[in-house]
Amino acid sequence: MASVAPNTNTYDFAIDEEFDPAKGIRLDNLPPFARRLRAAADVVWEDGYNQPFLRELGNGTLKQERFAFYLLQDYRYLADYAKVHALALTKTRDPEVMKFMVNVQNSIFSVESSVHRKYMAGFGVSESEMNNVRQSAFARAYTSDILSIAYGGDLLDILVAVLPCAWVYADYGQRLAKEFADTLDTNPFRTWVDMYKTEEFWQGSVWLIEHIEHMVQGLGEERLQELEEIFCNGVQNEYMFWSSAYDMQYSWKPQWDKAR
Ligand SMILES: Cc1ncc(C[n+]2csc(CCO)c2C)c(N)n1
């Protein structure tokens, strides 16, 4: 059996500390609403980092077929994530927000999905197989959620809905790089960790956190709770995306996988 490391607390997130604007937004220096979101999602967030998929990805023992399942689902996910940003662009006339949305779309097609394509080519999976993958129930639930928010919600809803994607990945990427620093050189998943651990990826979250923080000023508690719900749901979807890939499960119940 693959060795599973004990729960390691590599996260600097300090829930009680005051935000110091002079330091800028960092994983250990979050403004109030971001801290509220992070605290509300904490149990799922930590379970996510400690789940088998991430443990084994970190120590290099994750089975290739589980990683390939994940990448195929993720490749499709990325296309929908780009569409969410395209829709967000239609909800604003603020050039800075519009530019961010364009940059994310560009980064998906030029940076992120090229890492996916490289891994898949190494696994002998063709582009046409990648484009015709059967979407899992868990992946569909996630993309349906964010797409419905993008179609029906306002800009703030969308920023909060896409924040878990950016923030969870930057956080886990940085933590994995730190925790498994000694063995990363020979880890087959190193390219993946290297991509998400970068400052550039974290800056995407910083941008979102800053704008969300600004936009929630003066909003009532009911609206803040709605946003918290969107965020926590996203973090849960991130968790299930990995755990269902680990189980290579397409349907809500594994025994339904073969029924179609
Ligand atoms: C299920 C899933 N959730 C989040 C990401 C990470 N991610 C997707 S797009 C983007 C920002 C711009 O490239 C980031 C960080 C992923 N790959 N798959």
Side-chain angles (χ1 to χ4, degrees), residues 9-49 81 84-85 87-101 103-104 107 142 145-175 196-241:
N9 188 7
T10 50
Y11 193 58
D12 300 326
F13 160 65
I15 205 161
D16 301 323
E17 303 228 334
E18 277 288 305
F19 175 58
D20 177 358
K23 286 193 200 157
I25 295 171
R26 299 192 323 224
L27 285 169
D28 62 352
N29 187 45
L30 297 168
F33 191 62
R35 199 154 12 156
R36 170 173 169 172
L37 293 177
R38 176 63 187 78
D42 191 49
V43 170
V44 185
W45 195 292
E46 291 310 299
D47 279 355
Y49 184 65
Y81 192 76
V84 168
H85 286 74
L87 289 161
L89 202 146
T90 66
K91 314 247 173 185
T92 178
R93 295 184 61 183
D94 179 338
E96 204 219 325
V97 178
M98 295 177 87
K99 196 170 137 205
F100 177 83
M101 298 304 162
N103 285 343
V104 171
S107 149
Y142 195 1
D145 271 358
I146 53 177
L147 277 166
S148 80
I149 291 168
Y151 279 112
D154 65 16
L155 181 65
L156 179 56
D157 291 311
I158 304 178
L159 297 187
V160 173
V162 299
L163 179 59
C165 322
W167 189 357
V168 164
Y169 271 61
D171 180 57
Y172 292 0
Q174 289 187 29
R175 286 164 77 173
Y196 291 115
K197 75 168 192 200
T198 57
E199 181 59 23
E200 188 191 338
F201 260 97
W202 168 239
Q203 283 308 315
S205 305
V206 169
W207 190 95
L208 288 167
I209 289 170
E210 256 174 359
H211 281 76
I212 291 167
E213 207 67 33
H214 184 68
M215 289 170 82
V216 297
Q217 297 310 313
L219 295 183
E221 179 55 27
E222 210 175 307
R223 177 70 174 127
L224 298 180
Q225 272 175 27
E226 259 174 36
L227 298 170
E228 193 180 297
E229 173 83 19
I230 291 175
F231 183 78
C232 290
N233 195 35
V235 179
Q236 288 186 19
N237 277 324
E238 288 292 350
Y239 179 103
M240 292 310 299
F241 201 98

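- Shown here for Ala34 and Ile209, the closest heavy-atom pair between the two residues is CB-CG2, 3.6 Å.
- Counting only heavy atoms from C-beta outward, the side chains of Leu89 and His85 never approach each other to under 4.5 Å.
- Side-chain contact annotation: Trp207 with Glu96, donor-acceptor N/O pair under 3.5 Å present.
- Residue Asp145 holds its CG atom at 9.5 Å from CD1 of Ile230, rounded to the nearest 0.5 Å.
- Salt bridge present: Glu226 and Arg223 bring a charged side-chain N and a carboxylate O closer than 4.0 Å.
- Here the side chain of Asn29 pairs no donor or acceptor atom with the backbone of Phe19 at under 3.5 angstrom.
- Between the side chains of Gln225 and Glu229, no donor N or O sits under 3.5 Å from an acceptor N or O.
- Side-chain contact check for Cys232 versus Val44: every heavy-atom pair is 4.5 Å or farther apart.
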message = Does Asp28 form a salt bridge (charged side-chain N to carboxylate O under 4.0 Å, His left out) with Arg38? I'd like the steps, not just the answer.
response = CA-CA 11 Å; Asp28 62 352; Arg38 176 63 187 78; over 6 Å; no
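- The minimum heavy-atom distance linking Leu227 with Val216 is given by the pair CD1-CG1, 3.9 Å.
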request  = Apply the test salt bridge (charged side-chain N to carboxylate O under 4.0 Å, His left out) to residues Arg36 and Glu221: give CA-CA distance (whole Å), side-chain angles for both, the deciding distance (0.1 Å), then the verdict.
outcome  = CA-CA 12 Å; Arg36 170 173 169 172; Glu221 179 55 27; 2.9 Å; yes
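- Between Leu155 and Met215 the shortest side-chain heavy-atom distance falls below 4.5 Å.
- Nearest approach of Ala41 to Val235, heavy atoms of both residues: CB-CG2, 3.9 Å.
- Summarising the geometry, atom CD belonging to Glu213 is positioned 12.0 Å from atom CG belonging to Leu208; distances are rounded to the nearest 0.5 Å.
- Residues Glu18 and Lys23 are not paired through a salt bridge, judged by the lack of any N-O separation under 4.0 Å between the basic side chain and the carboxylate.
- The heavy-atom pair separating Ala161 from Ile149 by the smallest distance is CB-CD1, 3.9 Å.
- More than 12 non-hydrogen atoms from other residues, nucleotides or ligands lie less than 6.0 angstrom from CD of Glu199.
- Counting only distance, with no hydrogens or angles, the side chain of Tyr81 and the backbone of Val162 share a donor-acceptor pair below 3.5 Å.
- Considering only heavy atoms from C-beta on, Pro164 stays 4.5 Å or farther from Asn237 through its side chain.
- With a 6.0 Å radius and a threshold of 12 heavy atoms from other residues, nucleotides or ligands, Glu200 has its CD atom at or below the threshold.
- Nearest heavy-atom pair across Ser205 and Leu163 is O-CD1, 4.2 Å.
- Annotation: the span from Ile212 atom CD1 to Gln217 atom CD amounts to 12.0 Å, rounded to 0.5 Å.
- Side-chain atoms of Lys91 do not come within 3.5 Å of backbone N or O of Leu156 as any donor-acceptor pair.
- Looking only at distances, a side-chain donor or acceptor of Tyr49 sits under 3.5 Å from a matching main-chain atom of Arg175.
- The side-chain heavy atoms of Tyr239 and Val168, taken from C-beta on, include no pair separated by under 4.5 Å.
- Gln174 and Tyr196 share no side-chain donor-acceptor pair at under 3.5 Å.
- Aromatic ring centres of Phe231 and Trp167: separated by under 6.0 Å.
- No salt bridge links Asp171 with Lys197; every basic N to acidic carboxylate O contact stays at or beyond 4.0 Å.
- With Tyr142 as the partner, the side chain to side chain contact (heavy atoms under 4.5 Å, CB included) test is satisfied by one option alone out of Met240, Gln236, Glu238: Glu238.
- How far CZ of Phe100 is from OG1 of Thr92: 12.5 Å, rounded to the nearest 0.5 Å.
- Listed for the Tyr169 side chain is no donor-acceptor partner under 3.5 Å among the backbone atoms of Trp202.
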